[in-house]
Amino acid sequence: MMELITGFSKKSKKEKIKWMVATHLDNNSDIIKTLRQYWNDDKELQKLHDGFIENTISNYYLPFAIAPNFLINNKPYTIPMVIEESSVVAAASYSAKFWLEKGGFTSEVISTTKNGQVHINYYGNDTAIQSFFKEIKPKLFASISGIEANMKKRGGGLLDILLKNSTKALEGYYQLHCTFETNDAMGANFINTCLESIAKTFEFEAEKHASFTDNNSIPEVVISILSNYVPECLVKAQVQCPVEQLTSEGVDGKVFAKKFIRTIAIADTEIRRAVTHNKGIMNGIDAVVIATGNDFRSVEAGVHAYASKSGHYKSLTNASLEDGIFTYSIEIPIALGTVGGLTGLHPLAKLGLSILQNPSAKELMQIIAVAGLAQNFAALRALTTTGIQKGHMKMHLKNILTHLNATPSEIKKTITHFKENTVSHSDVVNFVNKLRN
Ligand code: MEV
């Protein structure tokens, strides 16, 4: 049986590593060298990173890159991206340049409201809980007046609380649906603190209220938590051009547009294609979300749920050809912040925001929607013309050559050879070995 280790978080970093190497890694001392290699010499900086989570033993690097030439609402941007997948930044840069020559991207924030729920069990009479709620609603607002004071000064705070009867979907299930404006903050902590306070007040008032005479009918809070589904925190990005302008690299604009639109129609019909299609969009979105210190899991969860809003999981992008004009757009919910959380703590997240000229949360929503649209454009452009592997394998080839410590002359010869030949790991290794012999 596995032995339980107690008080682990209180051990020093060295002790934690020693335990892990002894119990999981055959006391291999090379592991310690690898972990140490990624420690930062700057002790303060290392301390900062150690403090983000518990039980840190090293740092995990991801490449931090920039994609230039984005024009969004007539403003130039260089977009920071943090991602491990080799072709994503190249794809973003390709789309940025392609659309820069056609007037760039437009983007607009449609709405910015976030939400959370106090989930309640209540098996009593509906009229009783509705009239109780009406009576105590001002007290629920009052319960968070201290918490929301600062947010209110900045024009945000709790907007409304609704009591929803969801008993048709689940027996005895009610909820307090709360809506918030959190301005430039992502606001997760703010919303959760407000919800917990509202829940406490709700329960306290319910317990002593005359409406709920017998114990069975007293409403009871199950959980209180923000929702990562934010369809009222919505942004749209778009590009448009006469169809002839899509002609490039020997591909006719009209033929390309039709194939492109068809590809989106397939994604709208077939979930297996839609998930991959949207994954490509998230390549762009997540990379910017991470580079700016935001929570990519919440964005991922919310965006995919939005893709299913019709009851059928679909493409997040749309395209049309009307009167010779090609229009291509994305509409996604994204809750994020440009102040608070990691944005102000992680030096590279701060840098990511500086590269973007310190945008407001609304502006960052627009930039991120564009990054998603650009990524999808590059993927569909490649898929509907040369296929995706050409670009992927070019980067893959470079990675293999780096791994083989290839010399500049070996790199040149190998790249030339594989322009005409299909890249595979073993073929590249064999080719380099032949050069070396
Ligand atoms: C790969 O990370 C993303 C793509 O599969 C997206 C797509 O198929 O649309 C290329």
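One-based numbering, in listed order, for ligands and for the atoms of each.
The pair Glu148-Arg154 fails the salt-bridge criterion, with no side-chain N (NZ, NE, NH1 or NH2) lying under 4.0 Å from an Asp/Glu carboxylate O.
A cation-pi geometry, defined here as NZ or CZ lying under 6.0 Å from the six-membered ring centre and within 45° of its normal, holds between Lys13 and Trp39. For Arg381 and Phe256, the positive end sits near the middle of the six-membered ring, less than 6.0 Å away and at most 45° from its axis. For the pair Lys11 and Phe8, the cation-pi test (distance below 6.0 Å, angle within 45°) is failed.
Here Asn283 has side-chain heavy atoms under 4.0 Å from ligand 1, and that is the only part of it that gets that close. Neither the backbone nor the side chain of Asn376 comes within 4.0 Å of ligand 1, counting heavy atoms alone.
Side-chain contact between Asn115 and Val230 is present, with heavy atoms from C-beta onward closer than 4.5 Å.
Between Gln375 and ligand 1 there is no heavy-atom distance shorter than 4.0 Å.
Taking atom 5 (O) of ligand 1 as the reference point, the nearest protein heavy-atom neighbour is Thr276 CG2, 3.5 Å.
Atoms of ligand 1 found under 4.0 Å from any heavy atom of Leu383 (numbered from 1 in listed order, with element): 7 (C), 8 (O), 9 (O). Annotation for ligand 1: atoms under 4.0 Å from non-hydrogen atoms of Lys279 are 1 (C), 2 (O).
In this structure, of His277, Glu85, Arg273, Met282, the residue bringing a heavy atom nearest to atom 1 (C) of ligand 1 is Glu85.
The CG atom of Leu45 sits 8.0 Å away from the NE2 atom of His346 when rounded to the nearest 0.5 Å.
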